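Letters A, B, ... mirror the listed sequences (proteins, then strands); counts begin at 1. Note that this is a predicted model, so its numbers are computed, not measured. Any value given below was found using the heavy atoms of this structure, including those in side chains, with hydrogens, waters and symmetry copies removed.
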Amino acid sequence: MSSELKPNFSHSEIEAKWYAHWLDKNYFHSEPDDREPFTIVIPPPNVTGVLHMGHMLNNTIQDILIRKARLDGKNACWVPGTDHASIATEAKVVKWLREEKGLRKSDLKREEFMAYAMNWKEKYGGIILTQLRRLGASCDWQRTAFTMDEIRSRHVIKAFVDLYRKGLLYRDYRMINWDPKAKTVLSNEEVIYREEQSKLVHILYPFADGSPGGITIATQRPETIMADTAVAVNPNDERYSDIVGRKVRIPLIDKEIPIIADEAVEIEFGTGALKITPAHAPEDYEIGKRHGLEVVNIIDETGHINEAGQILVGEDRFDARKKIIKMLADSGHLVKLEDYTTNIGRSERTDVIVEPRLSLQWYVNMKHLGEKALHAVTSGDVKFVPPRYKNIYRHWLENIQDWCISRQLWWGHRIPAWYYGDEVFVAMTAEEALAQAKEKTGNPALTLDDLKQDEDVLDTWFSSWLWPISVFDGFGGSRDFDYYYPTSVLVTGWDIIFLWVARMIMAGYEWYDQKPFHTVYFTGMVRDKQRRKMSKSLGNSPDALALIDQYGADGVRYGLLSASPAGGDLLFDVKLCEQGRNFCNKIWNGLRLVKSWKTTDTPQPDVNRLAHRWFRQQFNRILNQLDADFRQFRLSEALVKLYSFIWTDFFSWYLEIIKPPYGEPIDATTHAQATALFSELMIVLHPFMPFITEEVWHRITDRADGDDCTVSRWPGGGTYDEAFLRRIELAKDIIGKVRDIRNKHGIKMREPLHLMAGQSDETEALMAEEGLVPLIKKMAVLSDFERVPAEPDKGHVRFISGASPFYIPLEQAVDTAAQLAKLEEELKYAEGFVQSVQKKLANERFVANAPEAVVNRERKKLEDGLARVRHLRDAIAALKKEA
RNA sequence: GGGCGAUUAGCUCAGUUGGUUCAGAGCACCUGUCUUACAAACAGGGGGUCAAUGGUUCGAAUCCAUUAUCGCCCA
């Protein structure tokens, strides 16, 4: 049997096999039943996206939680799906049309474009869901949803209509964030501010009446001077008090504008004088409104200067900036150029600098929606892991602004608003809108052709915020929805806490007065070793699939998770995946070892019985800890714990203890126990590393059809005896010290040693433990292990373990000096320890105030410590006498 | 400007309610090893004034205050 198993684990041969098997058995599909549900909705990746490190981390965590819930016997349901990602996808389709078909969007009718886009999506979209299978994601694929499919679209339109009827939607003409590349408005949350280098340009605006001088303003945007309609100073700024009210000329175009005074102008900034460009800066727009200034728009929707600019018409805004600085210098109006760092807002999707722009858009009133959403989190109804994100969330909601939801795109949900003259009709369908229009106007002759539907689509997040509801067809009132909602956990990155998480909570309370999920687990960002965020442009992100090919899905999952505390950033290093792969190999070889044993009907030796007792109890202890870890979402800790438990306790200790000499059989009882323990370990590790655990599960013993690791039951814990476990720890310490002595003296493992233990209660208890003496003899390779009444005369080394002395006679020369140094160091430590305990116990207030258990513990510590010190002193004295 | 968080070994990080020999893990490093499951391994080892100062307490890596440095969110 064992001859089938290669020395190295090969993940590529098993991953596809088991994934297909799980699908074949339909294990991932969930239907409502009597069991407790455990539900996760996937943060839908962009339909055009490909798997990257962030997805891998995110989905590994979800899969761990789902698989654990499945093993716990819950009805686990993980709903996958994709997001239509309006801006990103439309950009990709436009590019594809241009490059592959030679078509421009402007050449196409809306319907034509949508047909191409849908086609494109069918062909290239959703690749990422296939890639998730490689990772082992146990999603219920039959429930795959798409934000633009029929059901989800219905939810979006219904939500819009409903909010409109409730008076929570409105249209307004105001300053918005414009993305000149995508040619659409963005919400505040889609603008990313970063500090960037810029120039502050000082420009002289001469007096209009021709008198000498003028006023020097400072601006970052010299290319917009043509749109200026005033220069403003602070009314309290004495430098300018006598020229307020006078007129100046805009250089280059010689337009006359007034100098006005407004409190909003910062005296300290620049020259204290601001050019006011109401069409192209939010603050200027406000100032302009206060002073009734004209609004001159000189930048078109693509970020180029338009006819109203008079000069530099058709130039890109940044080219225009360079040119105008040159022109100002030539005309003598440039006073100076100053280096300047400022916060620049860029589009989250296209990364171009956002252009403030006035336009008419749809908004959601957030005041109303925000209140319950805030309470949900502050009250703990929705739990955040880690909890510190509560503060960030609260801060945002307390300062919330209305949500701009219209987008000037075609790919998305078209806004269900129809216009007839100045009237707006919002309805589920054009026919309903027509009916409304007929009633409102009293004109029954109106037809659909008289109504004009809004050209814009809705923000993608306006569909994502309904996701936990819409994937279960919640607005239809479904059995699924009743059963699965609220979902159990949401796993997502903290970067979309406002864009997505907060809004889902709002939607949940708005439509069902119910949270969408019990807990939000925030993952960190995956960064490289230099702490840089992984990105395509930096090229520092490893190819996710290549990683899986190289290290196996289990190895990569291990690597991602072992260093990924909740909410903390993960500094990714392929070394971690390598460690995961090595762990797989270790498990594989443990399997090979156990499979290689022949069994015999002989009775179980004491040492094996002891080994099992010890490991069982240790396992119980770990199971308790794992329970706590899962409850608190400390997944990384749980995995690290399991890693060392399996590697060290199971392989390095348990299997080594029970391992029969080469070629000899093992007693059947021990073999059965080892097989059972191995299987249990595979269940416990399964959520983290599903593939290898399933493989080992099936190889370790014969299984009936359907007896798969992935659908087995998580083992229940049990009791353990602390005193017993401590005795074993002591034994392990003794073994370690013997090995150290071998190391130091160059004694090979095949040379058995003779170990003598000094008299103490401790050694007495130790040797009375059935099986422990043979255990120590086996693991330390001893010919003999016995207690002696006193230290032997000469020719031996000594060490202290616990509070007892041990001696090993040696044939070879003993390195007295080295031993002495080591013992003296240990003595120093032990004395310091004893001193600190003594000090504590001498303190009356400690003895009086501390709990009795704590005081007793200290007394025991003192007793042991004193014994240890005594033995160390004896040993040192003896050693000195020898020298 | 408002807020949040962090600072523990060379690196990345645990350390749960303040109390068990509590100063830990992994990686890295050093020494040794074909000990026939595994060199992707095995057996050992060295390494930290827990950022600084002060306070609370019988007792502080842990709680409080101040300072320093760094990171992030919002404006």
- Once you round it to whole Å, what is the distance between P of B/G2 and OH of A/Y393? 25 Å
- Query: Distance check: side-chain N/O of A/K659 vs OP1/OP2 of B/A37, anything under 4.0 Å?
  - Reply: yes
- Between A/F615 and A/F650, is the ring centre distance below 6.0 Å? yes
- Considering only atom P, compute the distance from B/C38 to B/U20 and round it to an integer number of Å. 42 Å
- Task: Report which part of the nucleic acid A/F583 touches: base, sugar-phosphate, or nothing (heavy-atom distance under 4.0 Å, all strands).
- Result: nothing
- Taking the inter-plane angle between the rings of A/Y340 and A/F269 on a 0 to 90° scale, is it parallel (under 30°), tilted (30 to 60°) or perpendicular (over 60°)? perpendicular
- Message: On RNA chain B, does the nearest nucleotide to A/K748 precede the nearest nucleotide to A/E722 from the 5' side, or the other way round? Give the residue.
- Response: A/E722
- Task: Check every strand shown and say whether A/E729 touches a base, only sugar-phosphate, or nothing at a heavy-atom separation below 4.0 Å.
- Result: nothing
- In whole angstrom, give me the gap between the C1' atoms of B/A75 and B/G15. 37 Å
- Give one of base, sugar-phosphate or nothing for A/N343, where a contact means two heavy atoms less than 4.0 Å apart. base
- Note on the structure: Per atom distances to the A/R388 side chain, the nearest of B/G5, B/C27, B/C74 is B/G5
- Message: Under 4.0 Å, heavy atoms only, any strand: does A/N743 hit a base, just the sugar-phosphate, or nothing?
- Response: base
- Task: Please tell me which of the listed nucleotides, B/U12, B/G19, B/U16, lies nearest to the side chain of A/R634?
- Result: B/U16
- Message: Looking only at side-chain N and O atoms, does A/E190 offer a donor or acceptor that is under 3.5 Å from a partner on A/S187?
- Response: yes
- So, is A/K575 near the phosphate of B/G26, with a side-chain N or O under 4.0 Å from OP1 or OP2? no
- Polar side chain donor-acceptor pair, A/R394 to A/N391, under 3.5 angstrom: yes
- To the nearest Å, how far apart are A/M525 CE and B/A6 P? 18 Å
- Mind checking the C1' distance from B/G19 to B/C63? Whole angstroms is fine. 14 Å
- Query: Considering residues, nucleotides and ligands other than A/D761, do more than 12 of their heavy atoms fall under 6.0 Å from its CG?
  - Reply: no
- Query: Between A/N582 and B/A41, is there a side-chain N or O to OP1/OP2 distance below 4.0 Å?
  - Reply: yes
- Taking the six-membered ring for Trp, are A/W494 and A/Y389 parallel (under 30°), tilted (30 to 60°) or perpendicular (over 60°)? parallel
- Item | Whole angstrom value for the distance that separates P of B/U35 from CE of A/M749 | 11 Å
- Contact class for A/R742 (heavy atom, under 4.0 Å): base, sugar-phosphate, or nothing? nothing
- With a non-hydrogen cut-off below 4.0 angstrom, is A/G663 in contact with a base, only sugar-phosphate, or nothing? nothing
- Task: Under 4.0 Å between any heavy atoms, over every strand shown, what does A/R739 touch: base, sugar-phosphate, or nothing? Just pick one.
- Result: sugar-phosphate
- Item | Atom-pair distance (CD1 on A/I747; C1' on B/U35), nearest Å | 15 Å
- Message: Regarding A/S652, tell me which of base, sugar-phosphate or nothing describes its non-hydrogen contacts under 4.0 Å with the strands shown.
- Response: sugar-phosphate
- Item | Whole-Å P distance, B/C34 and B/C27 | 23 Å
- A/N8 near the nucleic acid: base, sugar-phosphate alone, or nothing, with a heavy-atom cut-off under 4.0 Å? base
- Query: Using the ring of each side chain (for Trp, its six-membered ring), is A/W597 parallel, tilted or perpendicular to A/H671, with breaks at 30° and 60°?
  - Reply: perpendicular
- Message: With rounding to the closest Å, how many angstrom separate the P atoms on B/G5 and B/G10?
- Response: 28 Å
- Task: Can you tell me, in whole Å, how much space there is between the P of B/G1 and that of B/U62?
- Result: 30 Å
- Item | Atom CD of A/E266 with >12 non-hydrogen neighbours under 6.0 angstrom | no
- Item | Along RNA chain B (nearest heavy atom to each residue), the more 5'-positioned of A/K744 and A/G865 | A/G865
- Message: The side chain of A/Q579 is closest to which nucleotide in this list: B/G26, B/U12, B/A37?
- Response: B/G26
- Is the A/Y643 to A/Y558 ring centre distance short of 6.0 Å? yes
- Has the side chain of A/E656 got a donor or acceptor that lies under 3.5 Å from a partner of the other kind on the base of B/A37? yes
- For B/U33, does either OP1 or OP2 sit under 4.0 Å from a side-chain N or O belonging to A/R750? no
- Item | Distance, rounded to the nearest Å, where A/W653 contributes CH2 and B/C38 contributes P | 20 Å
- Query: Is B/G71 paired to anything, Watson-Crick or G-U wobble with both distances less than 3.5 Å, and if yes, which nucleotide?
  - Reply: B/C4
- Message: Between B/A65 and B/C73, how far apart are the two C1' atoms, rounded to whole Å?
- Response: 25 Å
- Under-4.0 Å side-chain N/O to phosphate OP1/OP2 contact, A/W647 with B/A40: no
- Compare the minimum distances between each of B/C13, B/G19, B/C38 and the side chain of A/N589, then state the nucleotide with the smallest one. B/C38
- In whole Å, what separates the P atom of B/A25 from that of B/U33? 25 Å
- Item | Closest nucleotide among B/A25, B/A37, B/C74 to the A/K586 side chain | B/A37
- Note on the structure: When rounded to whole Å, the NE2 to C1' distance for the pair A/H395 and B/C72 reads 13 Å
- Item | Length of the CG-P vector between A/N399 and B/G1, whole Å | 18 Å
- Given atom CZ of A/F651 and atom P of B/A40, what is their separation to the nearest angstrom? 18 Å
- Message: Any strand counts, and the cut-off is 3.5 Å on both contacts for Watson-Crick or G-U wobble. Which nucleotide pairs with B/A9?
- Response: none
- Query: Is there a Watson-Crick or G-U wobble partner for B/A14 with both distances under 3.5 Å, and which nucleotide is it?
  - Reply: none
- So what does A/N391 touch, heavy atoms closer than 4.0 Å: a base, only the sugar-phosphate, or nothing? sugar-phosphate
- Query: So which nucleotide does B/G44 pair with, by the Watson-Crick or G-U wobble rule with both distances under 3.5 Å?
  - Reply: B/C30
